[in-house]
Amino acid sequence: MSVRSGEYMSLANLRTHYTSQINPEELGDQKVTVAGWVHEVRDLGGICFVVLRDREGRAQVTLVKKKTDPQLLENARKLVRESVVSISGTVKPEGKAPNGYELIPEEITVLNEADSPLPMDTTGKVEAELDTRLDSRFIDLRRERTTAIFRIRHEVLRAVRSFLTDNGFIETSSPKVVATATEGGTSLFPITYFDREAFLNQSPQLFKQILMSGGLDRVFEIGPIFRAEEHDTRRHLNEATSIDIEASFCDHFDVMEVLENMVAHIYEQVIGNASDSLAVLGVELKVPKLPFLKLTYDEAIEIVNANSDEMLNWGDDLGTVAEHTIGEHVFKETGESHYFIIDWPTEIKPFYAMPYEDNQVLSKAFDMMHRTMELSSGAQRVHIPELLISRIESQGLDPEGFEFYLKAFRYGMPPHAGWGIGCERLVMTMLGVENIRDVVLFPRDRRRLSP
RNA sequence: GUCCGAAUGGUGUAGAGGCCUAUCAUGGAGCCCUGUCGAGGCUCCGACCCGGGUUCGAAUCCCGGUUCGGGCGCCA
């Protein structure tokens with residue numbers, strides 16, 4: 001175990017292969033170097049096994065007492081779990097070893113020794129609570145299950161980008177530091193911007209609409225949104241990732257079609273590209289059937305009133321019990337989890353949702369649900385400046401605060417529509433994860449600000 | 001915000017007024033062991049959230065606080 005301090009050591013020499021890249025048939029008797037963490041040391045006396053773990057898997061390093069340099073064996077036995085090591089040795093095909101090979105080491109270099117005891121177990125023998133795991137996320141990520149979630153999240157985002165790009169959308173970014181409260185409704189985090197008050201943006205909504213006036217035609221953004229709501233549930237975060245699109249010369253039905261096709265595409269891509277991670281989590285994914293069921297708001301109210309103790313009046317928003325009732329009802333009837341609720345009362349939707357021309361009390365707004373959870377909401381937008389101003393006023397907001405936005409509507413704003421979908425909610429519903437914090441590396445909630 | 005529940009070694013737990021010098025597992029230290037793969041065996045180490053109260057006696061009951069979990073509200 002020589003740390004060759006003072007001597008030049010190229011980092012490239014610390015690893016020639018990931019553990020998963022070692023094919024015993026090709027690399028038998030060849031020398032390789034693997035690098036990673038000491039997962040376990042099993043000392044049986046005459047034989048000692050060191051399990052090295054890297055991002056792609058594990059490799060068994062075998063030291064037979066009679067055949068191993070005594071100093072090397074002694075050092076291997078003393079390895080501290082979760083220390084970072086680089087191990088060079090010969091690949092030996094071996095039926096008794098996991099993955100069909102083991103490594104006969106020549107050199108074991110400790111690059112960084114781990115403290116002991118560890119903040120939590122990494123082998124899966126003892127579970128840790130979410131709070132404990134989040135306090136030590138770096139250790140939690142060394143567990144297979146946790147890594148699997150974030151590999152899948154990566155596949156989800158990759159699928160979003162490829163799907164939207166292939167459908168003519170341009171990826172854009174909007175500012176997160178803004179001067180005014182965008183939509184009313186939710187509370188914002190105030191910050192200091194030099195000598196002025198500013199806010200963290202709750203949504204890219206207003207900016208992506210401005211881009212429609214700019215003629216970008218079809219845009220998308222994947223970015224953080226901030227909500228200062230003091231909600232305290234398993235499905236809310238104060239910092240979340242929103243996937244947003246906006247498309248010109250489209251109505252709400254056009255963008256609903258984009259949405260359902262994208263969701264189906266994401267499921268297909270995750271099944272195709274992350275089957276190992278799905279297996280680690282024990283999740284069997286099924287691509288949702290297209291098109292998604294479209295319930296009108298009126299139908300949704302009827303379902304709630306017929307199937308639960310709740311009695312809703314027309315114009316009421318849907319609470320948790322209502323969403324639960326509708327979601328279970330839809331699943332029982334269709335066997336599908338995803339569905340739309342369309343044709344909402346104009347009054348309970350944001351000012352930018354377009355009312356139906358022939359029935360102003362209904363708007364061209366929709367929510368996309370997964371069982372009991374709202375995943376996405378969208379609408380055809382108001383593109384007529386006069387109507388937009390009156391809608392802003394009727395929501396009790398002051399149009400003066402929206403001048404930067406309204407300006408874009410006066411010089412040629414095409415009709416347009418769009419939606420936003422919560423990335424974390426998409427991932428959690430896909431994987432059946434119960435707490436949204438499980439699918440965020442470093443969640444920000446009512447209480448947690450660190451790490 | 002509100003209601004309900006919880007807090008015991010590093011981690012996960014048992015515990016219902018005296019049986020607690022606190023259970024078990026995991027972990028750590030050490031010893032034995034040549035095929036482990038949640039290795040096994042033996043020895044040892046390590047904990048009752050904080051503050052008050054009730055009681056002869058409190059991990060256990062009561063009050064306050066803190067933190068965490070869950071429901072609802074609000075929201076996406």
Side-chain angles (χ1 to χ4, degrees), chain A residues 39-51 53 58-68 73 77-78 80-82 92 94-100 102 114-136 139-140 143-144 183-188 202-205 224-244 310 317-324 348-350 365 367-370 372-378 419-426 428-429 434-437 445-448:
Chain A
H39 189 68
E40 271 185 319
V41 180
R42 289 201 199 93
D43 182 4
L44 278 67
I47 187 165
C48 178
F49 302 104
V50 174
V51 179
R53 186 191 67 245
R58 294 175 200 167
Q60 173 167 290
V61 179
T62 304
L63 300 95
V64 177
K65 190 177 180 182
K66 284 182 194 163
K67 301 181 190 167
T68 307
L73 180 65
R77 281 176 169 160
K78 282 191 188 144
V80 176
R81 286 172 64 223
E82 295 304 322
K92 182 183 159 202
E94 173 56 72
K96 282 181 276 189
N99 307 320
E102 59 194 11
D115 273 356
S116 178
L118 297 164
M120 54 178 276
D121 172 61
T122 54
T123 61
K125 287 178 200 165
V126 183
E127 275 303 309
E129 289 183 359
L130 183 58
D131 197 50
T132 306
R133 291 169 44 214
L134 292 177
D135 280 339
S136 299
I139 286 281
D140 184 41
R143 303 187 324 143
E144 231 178 356
E183 300 171 31
T186 193
S187 356
L188 301 182
Q202 67 174 98
S203 153
Q205 180 64 34
I225 55 171
F226 303 91
R227 309 276 163 106
E229 297 293 336
E230 296 191 2
H231 36 49
D232 196 4
T233 77
R234 294 186 295 175
R235 58 187 191 284
H236 291 281
L237 292 164
N238 292 295
E239 178 177 0
T241 308
S242 181
I243 300 162
D244 273 82
E310 204 144 299
D317 209 344
L318 271 26
T320 310
V321 174
E323 287 178 346
H324 204 86
I348 57 172
K349 281 292 170 185
D367 282 1
M368 198 270 283
M369 314 287 297
H370 177 281
T372 64
M373 180 131 50
E374 183 181 336
L375 288 188
S376 170
S377 63
W419 43 253
I421 179 168
C423 174
E424 288 80 15
R425 287 187 171 188
L426 178 63
M428 76 187 282
T429 53
E434 298 208 325
N435 194 317
I436 197 164
R437 294 162 183 82
D445 61 34
R446 177 82 183 86
R447 301 187 186 98
R448 184 173 284 278

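Basis for what follows: all heavy atoms, side chains included, without hydrogens, waters or symmetry-related copies. Throughout, protein chains are lettered first and strands after them, A, B, ... in sequence-line order, and every chain is numbered starting at 1.
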Open item on the list: So if I define the base as every atom that isn't primed, P, OP1 or OP2, how would nucleotides 6-14 of chain B read as a B/S/- string at a heavy-atom cutoff under 4.0 Å?
Closed with: ----SBSS-
- [ ] Would you mind building the protein contact string for nucleotides 31-37 of chain B? One character per nucleotide, 5' to 3', B for base within reach (heavy atoms under 4.0 Å), S for sugar-phosphate only, - for untouched.
- [x] --BBBBB
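Remark: C1' of B:A76 and CG of A:N238 are 12 Å apart, rounded to the nearest angstrom.
In this view, A:R448 and A:D131, A:D135 satisfy the salt bridge (Lys or Arg N to Asp or Glu O under 4.0 Å) rule, not counting sequence neighbours. Residues satisfying the side-chain contact (heavy atoms from CB on, under 4.5 Å) test with A:L44, not counting sequence neighbours, are A:R42, A:I47, A:F49. Contacts of A:P224 classified as side-chain contact (heavy atoms from CB on, under 4.5 Å), with partners at least two apart in sequence or in another chain: A:K176, A:F226, A:E239. The salt bridge (Lys or Arg N to Asp or Glu O under 4.0 Å) check on A:E129 picks up nothing, with sequence neighbours excluded. Partners of A:K92 by salt bridge (Lys or Arg N to Asp or Glu O under 4.0 Å), not counting sequence neighbours, listed by chain and number: A:E94, A:E102. Listed by chain and residue number, A:E328, A:T372 satisfy the side-chain contact (heavy atoms from CB on, under 4.5 Å) test with A:H324 (two or more places apart in sequence, or in another chain). The side-chain contact (heavy atoms from CB on, under 4.5 Å) test applied to A:I436 returns A:L237, A:E424, A:R425, A:M428, A:V439, not counting sequence neighbours. Shown here are the salt bridge (Lys or Arg N to Asp or Glu O under 4.0 Å) partners of A:R133, two or more places apart in sequence or in another chain: A:D140, A:D438.
Residue contacts shown for A:T123 are absent, as no nucleic acid heavy atom lies under 4.0 Å away. Counting non-hydrogen atoms under 4.0 angstrom, A:S376 reaches nothing in the nucleic acid. Backbone-only contact: A:N435 has heavy atoms under 4.0 Å from sugar-phosphate atoms and none from a base.
When only modelled atom types and interatomic distance are considered, A:E82 and A:T122 share a side-chain donor-acceptor pair under 3.5 Å.
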Task: Dot-bracket summary - RNA chain B, pairs being Watson-Crick or G-U whose distances fall under 3.5 Å, with | when paired to another strand - done: (((((((..(((.....[.....)))((((((.......))))))...(((((..]....))))))))))))....
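Nucleotides B:U43 and B:G38, compared at atom P, are 25 Å apart to the nearest Å.
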Each nucleotide N or O in nucleotides 45-47 of chain B that has a protein N or O under 3.5 Å away: list the pair and distance.
none

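Of the side-chain N and O atoms in A:R234, one or more sit less than 4.0 angstrom from OP1 or OP2 of B:G71.
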- [ ] I would like to know whether A:D121 and A:R81 meet salt bridge (charged side-chain N to carboxylate O under 4.0 Å, His left out); could you show each step before the answer?
- [x] CA-CA 10 Å; A:D121 172 61; A:R81 286 172 64 223; 3.7 Å; yes
TODO: Kindly determine whether A:R77 and A:D43 satisfy salt bridge (charged side-chain N to carboxylate O under 4.0 Å, His left out), including the steps that lead there.
DONE: CA-CA 7 Å; A:R77 281 176 169 160; A:D43 182 4; 2.9 Å; yes
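Counting all heavy atoms, side chain and backbone alike, A:R58 lies closest to A:N99 at O-ND2, 3.3 Å.
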